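These notes are about the structure you will find just below.
Throughout, a chain's letter reflects where its sequence line sits, starting with A, and its residues are numbered from 1. Predicted model only: the values in this text are computed from it and were never measured.
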Amino acid sequence: MGDIFIYNTLTQSKERFVTREQNKVYMYVCGITPYDALHVGHARTFTVFDVMRRYLEYRGYEVFHVQNITDIDDKIINRASELNISPGELVQRQIAEAEEDLCALGLLKPHVEPRVTEHIPEIIEMVSTLIEKGYAYQVDGDIYFDVSKFQRYGQLSKQDLSSLIAGARVEVDERLKNPLDFALWKAAKPGEPCWDSPWGKGRPGWHIECSAMSLKYLGSGFDIHGGALDLVFPHHENEIAQSEAYTGQSPFVRYWVHSGLVTVGGKKMAKSLGNFIRLRDALNEHGKDALRLAFLSVHYRSPMDYTDERIRQAKAALERISAFLATANSLMRHPAIGETKDELLAKLVSERERFVLSFHEAMEDDFNTAQAIGELFEFVKAANTLLVELLASPSNAAREEVARCVASLSEALRILGIDVQPAAAGFGEVERLIELLIDVRQRLRQKRDYELADMIRERMKELGIILEDTPAGTRWRRAT
RNA sequence: GGCGACGUAGCCAAGUGGCUAAGGCGGCGGACUGCAAAUCCGCUAUUCCCGGGUUCGAAUCCCGGCGUCGCCUCCA
């Protein structure tokens, strides 16, 4: 397999992926602020980075994945007071809910999920150093980062200081040296959660936690820092400034990776616009696999408009894979009764090899999952054609090759984090009853009592069991 | 105003200098079937928002429009 290329926001180009340490990837993904339910936008971002991690692991890298939880911030304080509960209570509740949702989405759990409130000493140490080095200054009980001291400010968002200032839409705080200076530490207001610091009681500003925690767990110059596109400015820009100012080392991060936003009717899905779909609702309605396939069918850096139609299309596509696996299974279970033409077998082998190759070519090229999924379906189609012929006289050689096809397909699906139920899975009581009904119906069909046979098929379909009559017998699967 | 994207079939979407413009969904016609379903075959973009230019050659590069979005404020 070839080299992996990743698009780096900092250089605006695809770069060959070279890690800091051989065979190890240190990855930080900006996580959640637990003040409200997760929505589909969060889900897309985390799915994108989940697949990057899965692919890198597949390629033999040991990935160390850190994802923060910002458990103290303005939004949490405000929401808690609206709900008349303590910030701690809100955080606890929201984290529990988010963990359920993220697990249901099939995301691999990060190795460390550091919380801001458990890293106050690290943050204070960092802020103190920034003051000592002259990058930060105190105004009343607040500490601000002086962006004019950091020459590279704006390098990530491709803005220079003057145009950023010109575009500033927020009323300028007259106490600041520069309108873009941002808070590293905020003095406590009455009733707010706070910690002791050299500057009095207070709490961390928004951006500092990610710098403090990523440096703690991953060290300066780690490999991948990810998040959605809307974090480029100011969050990640500020992280670079404060981290590089603090360590005196550059780069803070080797590859900045940003995923595109989810839109609704063309407009960004956001809490503030009120146009968000809760992840929990989407998961309940469509299941994780249709959601993941829908996300991954669009290149990760492109915007994705969320519609029910799109998810429906993904579901239908999933059924295609499911049907293929069902056909493959029935062939593998079929007793070998003949010889397979070498030519036929060779064709299947070459289709499989072509698929594996092209799937990885797509993934290597900046994780082009949309392309990779296209290759997957192309393979399914080609293999289906050959399976029809193979079914005519199943041989041992054919069954072994089909098993390899299924294995290759499953491997690709595992990288995408998509589970597809083959067909009649399970051997419980329900499955036995289904088999019994199929048997009864088969006898009715032999007696040409099609009316009753069709009724059974129709009623089972209403129960979510789909029957398909094939030359090799009746096959069933659950509707997805 | 500054910066960054995007515009490919009925819908979704990959492709960013050169073989027939992937793939999925949908539709139509056919094979198979008792009928269905699934599967397969054929058709469904002579052309990639529009207008110029560069080139032997452009969906792909350049210039100019039009349209949409994001960031510059909290945001995954």
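Listed pair A/Lys267 / B/rC69 meets the phosphate criterion, a side-chain N or O lying under 4.0 Å from OP1 or OP2. Put simply, A/Arg320 has a side-chain N or O that comes within less than 4.0 Å of OP1 or OP2 on B/rU39. A close approach under 4.0 Å does not occur between any side-chain nitrogen or oxygen of A/Arg441 and OP1 or OP2 of B/rG34. Of the side-chain N and O atoms in A/Arg301, none sit less than 4.0 angstrom from OP1 or OP2 of B/rA5.
For the atom pair A/Leu409 CG and A/Phe324 CZ, the distance stands at 6.0 Å (nearest 0.5 Å). Distance NZ/A/Lys186 to CD1/A/Ile143: 13.5 Å, rounded to 0.5 Å.
The distance between atom CD1 of A/Ile466 and atom C1' of B/rA37, rounded to the nearest whole Å, is 8 Å. Across the protein-nucleic acid pair, A/Gln442 atom CD and B/rU33 atom P stand 15 Å apart, rounded to whole Å. Here the P atom of nucleotide B/rG26 and the CD atom of A/Glu319 are 9 Å apart, to the nearest Å. At whole-Å resolution of the value, CD in A/Gln446 and P in B/rG34 are 13 Å apart. Taking atom CD1 of A/Ile456 as the reference point, atom P of B/rC35 lies 19 Å away to the nearest angstrom.
For A/Glu375 (side chain) and A/Ser358 (main-chain N/O), no donor-acceptor pair under 3.5 Å exists by modelled atom type.
Candidate nucleotides B/rA38, B/rC12, B/rC3 were compared by shortest atom distance to the side chain of A/Arg310, and B/rC12 ranks first. Considering only side-chain atoms of A/Thr385, the nucleotide from B/rA38, B/rC40, B/rA76 that sits closest is B/rC40.
Heavy atoms of A/Gln12 sit under 4.0 angstrom from primed sugar atoms or phosphate atoms, though from no base atom. At a threshold of 4.0 angstrom between heavy atoms, the contacts of A/His299 are confined to the sugar-phosphate backbone, with no base atom among them. In this structure, A/Ala317 reaches the sugar-phosphate backbone alone: every heavy-atom distance under 4.0 Å involves primed, P, OP1 or OP2 atoms, never a base. Contacts of A/Val298 with the nucleic acid, taken as non-hydrogen atoms under 4.0 Å apart, involve only primed sugar atoms and P, OP1 or OP2.
Using N1 to N3 plus N6-O4 or O6-N4 for Watson-Crick, or N1-O2 and O6-N3 for G-U wobble, each under 3.5 Å, B/rU55 pairs with nothing. Taking a pair to require two hydrogen-bonding distances under 3.5 Å in either a Watson-Crick or a G-U wobble arrangement, B/rC25 pairs with B/rG10. In this structure B/rG64 sits in a base pair with B/rC50, meeting the Watson-Crick or G-U test at under 3.5 Å.
Comparing A/Asn368 and A/Phe233 by the nucleotide of RNA chain B that holds the closest heavy atom to each, the one mapping nearer the 5' end is A/Asn368. Residues A/Arg445 and A/Leu376 both approach RNA chain B. Their nearest nucleotides, taken by heavy-atom distance, put A/Leu376 toward the 5′ side.
Taking the side-chain hydrogen bond (donor to acceptor under 3.5 Å, both in side chains) definition, one finds that A/Asp3 meets it with A/Arg16, sequence neighbours left out.
For the residue pair A/Arg310/A/Ser297, the side-chain donor-acceptor check at 3.5 Å is not satisfied.
Put simply, the side chain of A/Arg44 and the base of B/rA76 share no donor and acceptor less than 3.5 Å apart. With hydrogens and angles left out, the side chain of A/Gln313 and the base of B/rC11 share a donor-acceptor pair within 3.5 Å.
Stacking annotation: A/Phe377 is not stacked on the base of B/rG23 (requires ring centroids less than 5.5 angstrom apart and an interplanar angle below 30 degrees).
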